[in-house]
Amino acid sequence: MARALITVPRTAKRGEILEIRALVQHPMETGYRRSSEGDLLPRDLIRRFSCRFVESGKTDDTGVIVIAATLHAAIAANPYLSFNLRAATSGTLAFNWEGDNGFSHREQVALIVT
């Protein structure tokens, strides 16, 4: 099971620009390396990352995409992403990582805008 570390300020003033940081633990095996026996290690990559902002009182399906990224084999293990967001209203940030071999991890963090 993956573990994510997400840094989001608990509160923000309306209009403030926030730095959001997200890191997920994942080995990110490219499929090009060999084991000590000489066999190719199977590819195991996180392929997609997205973050949606869901206003208070709404569901994930109605959230606005803040950032979406397609990741490739050149991304390091435990991928770290950082992006900015302008605080407009209170709500929830929904983070989603998807990858090879059925990998999927989801986290949610509340944001209160005053």
Side-chain angles (χ1 to χ4, degrees):
M1 170 159 248
R3 185 175 141 218
L5 300 171
I6 299 170
T7 304
V8 176
R10 284 212 183 272
T11 61
K13 294 179 182 171
R14 190 172 315 277
E16 183 179 1
I17 296 176
L18 310 173
E19 180 183 20
I20 311 296
R21 294 178 282 175
L23 177 139
V24 67
Q25 289 183 331
H26 191 277
M28 298 293 278
E29 185 56 58
T30 64
Y32 300 125
R33 290 186 332 131
R34 295 193 178 272
S35 69
S36 57
E37 292 81 34
D39 299 326
L40 278 177
L41 297 171
R43 186 179 79 176
D44 188 11
L45 298 173
I46 293 177
R47 306 301 261 160
R48 287 175 295 285
F49 168 78
S50 66
C51 177
R52 289 180 173 268
F53 179 75
V54 183
E55 287 185 45
S56 296
K58 295 188 178 180
T59 64
D60 290 333
D61 297 337
T62 60
V64 175
I65 294 176
V66 174
I67 186 173
T70 301
L71 308 178
H72 300 279
I75 300 296
N78 306 321
Y80 166 81
L81 294 117
S82 176
F83 55 95
N84 294 322
L85 169 72
R86 184 180 303 273
T89 62
S90 296
T92 302
L93 289 168
F95 298 84
N96 192 41
W97 292 266
E98 297 175 17
D100 295 332
N101 307 319
F103 176 82
S104 180
H105 186 74
R106 183 181 177 99
E107 295 275 340
Q108 292 185 356
V109 177
L111 175 63
I112 299 169
V113 176
T114 56

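All of these numbers come straight from a predicted model, not from anything done at the bench. In this chain, numbering begins with 1 at the start of the sequence shown.
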Pairs of donor and acceptor atoms involving the side chains of residues 42-50, under 3.5 Å and at least two apart or interchain, shall be tabulated with distances.
from  : atom 1 : to     : atom 2 : distance (Å)
Arg43 : NE     : Asp100 : OD2    : 2.9
Arg43 : NH2    : Asp100 : OD1    : 3.3
Asp44 : OD1    : Asn101 : ND2    : 3.4
Arg48 : NE     : Glu98  : OE1    : 3.3
Arg48 : NH2    : Glu98  : OE1    : 3.2

remark   = Taking every heavy atom of Pro9 against every heavy atom of Glu19, the minimum-distance pair comes out as CD-O, 4.2 Å
query = CG of Asn96 to CD1 of Ile65: how many Å apart, nearest 0.5 Å?
reply = 10.5 Å
request  = Spell out, as yes or no, whether a donor-acceptor pair under 3.5 Å connects the side chain of Arg86 to the backbone of Ile17.
outcome  = no
ask   = Out of curiosity, does Phe83 fall in the hydrophobic cluster containing Val8 (side-chain heavy atoms, cut-off under 4.5 Å, transitive links)?
value = yes
query = Which pair of heavy atoms, one from Gly63 and one from Val54, lies closest together, and at what distance?
reply = CA-CG2, 3.9 Å
query = Could you state the interatomic distance from CD (Glu107) to CZ (Arg3), rounded to the nearest 0.5 Å?
reply = 10.0 Å
query = So how far is it from Ile112 CD1 to Arg10 CZ, rounded to the nearest 0.5 Å?
reply = 8.0 Å
request  = Going by the side chain to side chain contact (heavy atoms under 4.5 Å, CB included) test, name the single residue among Ile20, Val24, Val66 that passes it with Phe95.
outcome  = Ile20
query = If you measure from CD1 on Ile6 to CG on Leu93, what distance do you get to the nearest 0.5 Å?
reply = 8.5 Å
message = Test your reading of the model: is there a side-chain donor-acceptor pair from Ser90 to the backbone of Val113, 3.5 Å cut-off?
response = yes
remark   = Closest heavy-atom pair, Ser35 versus Leu41, reported as atoms and distance to 0.1 Å, is CB-CD2, 3.8 Å
note = What one should report as the nearest heavy-atom pair of Phe53 and Thr89 is CZ-O, 3.1 Å
remark   = Rounded to the nearest 0.5 angstrom, the CG-CZ distance for Asp39 and Arg33 is 13.0 Å
query = Which heavy-atom pair separates Ala12 from Ala87 by the least distance, and what is that distance?
reply = CB-CB, 3.9 Å
key: Gap between atom CG of Asn84 and atom CZ of Arg21 - 0.5 Å precision   = 11.0 Å
task = Treat each ILVMFWY residue as a node, draw an edge where side-chain heavy atoms are under 4.5 Å apart, and state whether Leu23 and Leu71 are in one component.
result = no
ask   = Any idea how Phe103 and His26 line up, ring-wise: parallel (<30°), tilted (30 to 60°), or perpendicular (>60°)?
value = perpendicular
